[in-house]
Amino acid sequence: MYVVIMGGGRVGLNLASSLVAGGHDVTLIENDSKLCNNAASELDALVICGSGTDIRTLEEANVGDADVFVAATGFDEANLLSCILVKEYNIKKIIARVSNPDHEDAFRKVGIDDVISPELTAASYLEKLIIRPKIADLIIIGKGNAELLEIKVENKNVLGRRIKDVSPTDDFIIAALYKKGEITIPKKEDVLNKGDRISILVKSKAVKKTAKLFTA
């Protein structure tokens, strides 16, 4: 996969590093010379010192051949303009970082559906770690509509019950079962015992209720 990323700051650089490590082709565009030099020294990828809001720079990055374009600077206006420009190249997926949540509607109005806020996601993650201490791990899925939780089974109301007696429901499904350090795909007849760990795919609105079902 070929990915063009605009923005060589923390978000863009970390994303580029992960993609390169995964074997993908990456071009990074950054207009700050210091960040540009830093990225060039760290990445096994093409780094272009220029503006992602400039057509000539985008053409130099062969944006027309990209499978994905990511506008990852910390400046919403620049990200929005670059997304509008690259839409002309019919790229399969365009992803925009937004720092100010109030600007999200502007991105969606021009047809950019994949709008993310790393700052808000990080804050939300920390909040959930604080208010849900019994949840061992948490991954936010998709656009925040679902979460994958790892929970230790402690509630006496579910101990000794079979998987099929509690899952699936309209709100969640038990996706994995850990017993004695081994992970298995749960079968209907598997029994929940005290101390078992389970992974649950759950709708975000039902996380608190679902966690309570297994941990209270």
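Any value given below was found using the heavy atoms of this structure, including those in side chains, with hydrogens, waters and symmetry copies removed.
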*Does the pair R97 and V11 meet the rule for a side chain to side chain contact (heavy atoms under 4.5 Å, CB included), with working shown?*
CA-CA 9 Å; R97 171 189 177 184; V11 174; 3.6 Å; yes
*Would R10 and N14 count as a side chain to side chain contact (heavy atoms under 4.5 Å, CB included) if you check the C-alpha gap in whole Å, the side-chain angles of each, and the deciding distance to 0.1 Å?*
CA-CA 6 Å; R10 174 181 52 83; N14 287 342; 3.7 Å; yes
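Under a hydrophobic clustering in which Ile, Leu, Val, Met, Phe, Trp and Tyr are joined whenever their side-chain heavy atoms come within less than 4.5 Å, directly or via other members, M6 and V110 fall into the same cluster. Side-chain heavy atoms closer than 4.5 Å link hydrophobic residues (I, L, V, M, F, W, Y) into clusters, and following such links, possibly through other members, connects I55 to I91. Connection of I5 to F75 is not established within any shared hydrophobic cluster, with ILVMFWY side chains joined at heavy-atom distances below 4.5 Å, either directly or through further cluster members. The hydrophobic clustering, which links ILVMFWY residues whose side-chain heavy atoms are closer than 4.5 Å, places L28 and M1 together. Cluster annotation: L35 and V47 are assigned to distinct hydrophobic clusters (Ile/Leu/Val/Met/Phe/Trp/Tyr, side-chain heavy-atom contacts under 4.5 Å, transitive).
Contact annotation: the side chain of L177 never approaches that of K187 to less than 4.5 Å [non-hydrogen atoms, C-beta and beyond]. Between L192 and I163, the closest side-chain pair of non-hydrogen atoms falls below 4.5 Å. Side-chain contact between L13 and N38: present, with at least one pair of heavy atoms (C-beta onward) separated by less than 4.5 Å. Inter-residue side-chain proximity for Y89 and V4 is flagged as unmet; no heavy-atom pair is nearer than 4.5 Å. Contact check for V70 versus D114: no side-chain heavy atoms found under the 4.5 Å cut-off.
Between F172 atom CZ and I151 atom CD1 the span is 9.0 Å, to the nearest 0.5 Å. One distance of note links CG of D165 with CD of E189; it measures 8.0 Å at 0.5 Å rounding. Atom SG in C83 sits 6.0 Å away from atom CZ in F69 (nearest 0.5 Å). Taking CD1 of I48 as the start and CG of N31 as the end, the distance is 12.5 Å to the nearest 0.5 Å. Separating the OG atom in S51 from the CG atom in L58 is a distance of 8.0 Å, to the nearest 0.5 Å. Expressed to the nearest 0.5 Å, how far CD1 of I198 lies from CD1 of I183 amounts to 12.0 Å.
Between L85 and D54, the shortest heavy-atom contact is CD1-N, 4.5 Å. Minimum heavy-atom separation, A45 to V20: CB-CG2, 4.0 Å. Nearest approach of S17 to L43, heavy atoms of both residues: OG-CD2, 3.4 Å. Residues I29 and A61 come closest through the heavy atom pair CD1-CB, 3.9 Å. When all heavy atoms of I173 and S167 are compared, the closest pair comes out as CA-OG, 3.5 Å. The shortest heavy-atom contact between L19 and V26 is CB-CG2, 3.7 Å.
Looking only at distances, no side-chain donor or acceptor of N62 sits under 3.5 Å from a matching main-chain atom of D65. Put simply, the side chain of N79 never gets that close to the backbone of V98: no donor and acceptor are under 3.5 Å apart. Proximity of a side-chain donor or acceptor of D76 to a complementary backbone N or O of N100 within less than 3.5 Å is detected. No donor-acceptor pair closer than 3.5 Å links the side chain of S82 to the backbone N or O of G52. Side-chain N or O atoms of D171 include none that pairs as donor or acceptor with a backbone N or O of K203 at under 3.5 Å.
Partner Y2 forms a side-chain hydrogen bond (donor to acceptor under 3.5 Å, both in side chains) with one of D67, T27, D25 and no other, that one being T27.
Between K34 and D32 there is no salt bridge, since no side-chain N of the basic residue sits under 4.0 Å from a carboxylate O of the acidic one.
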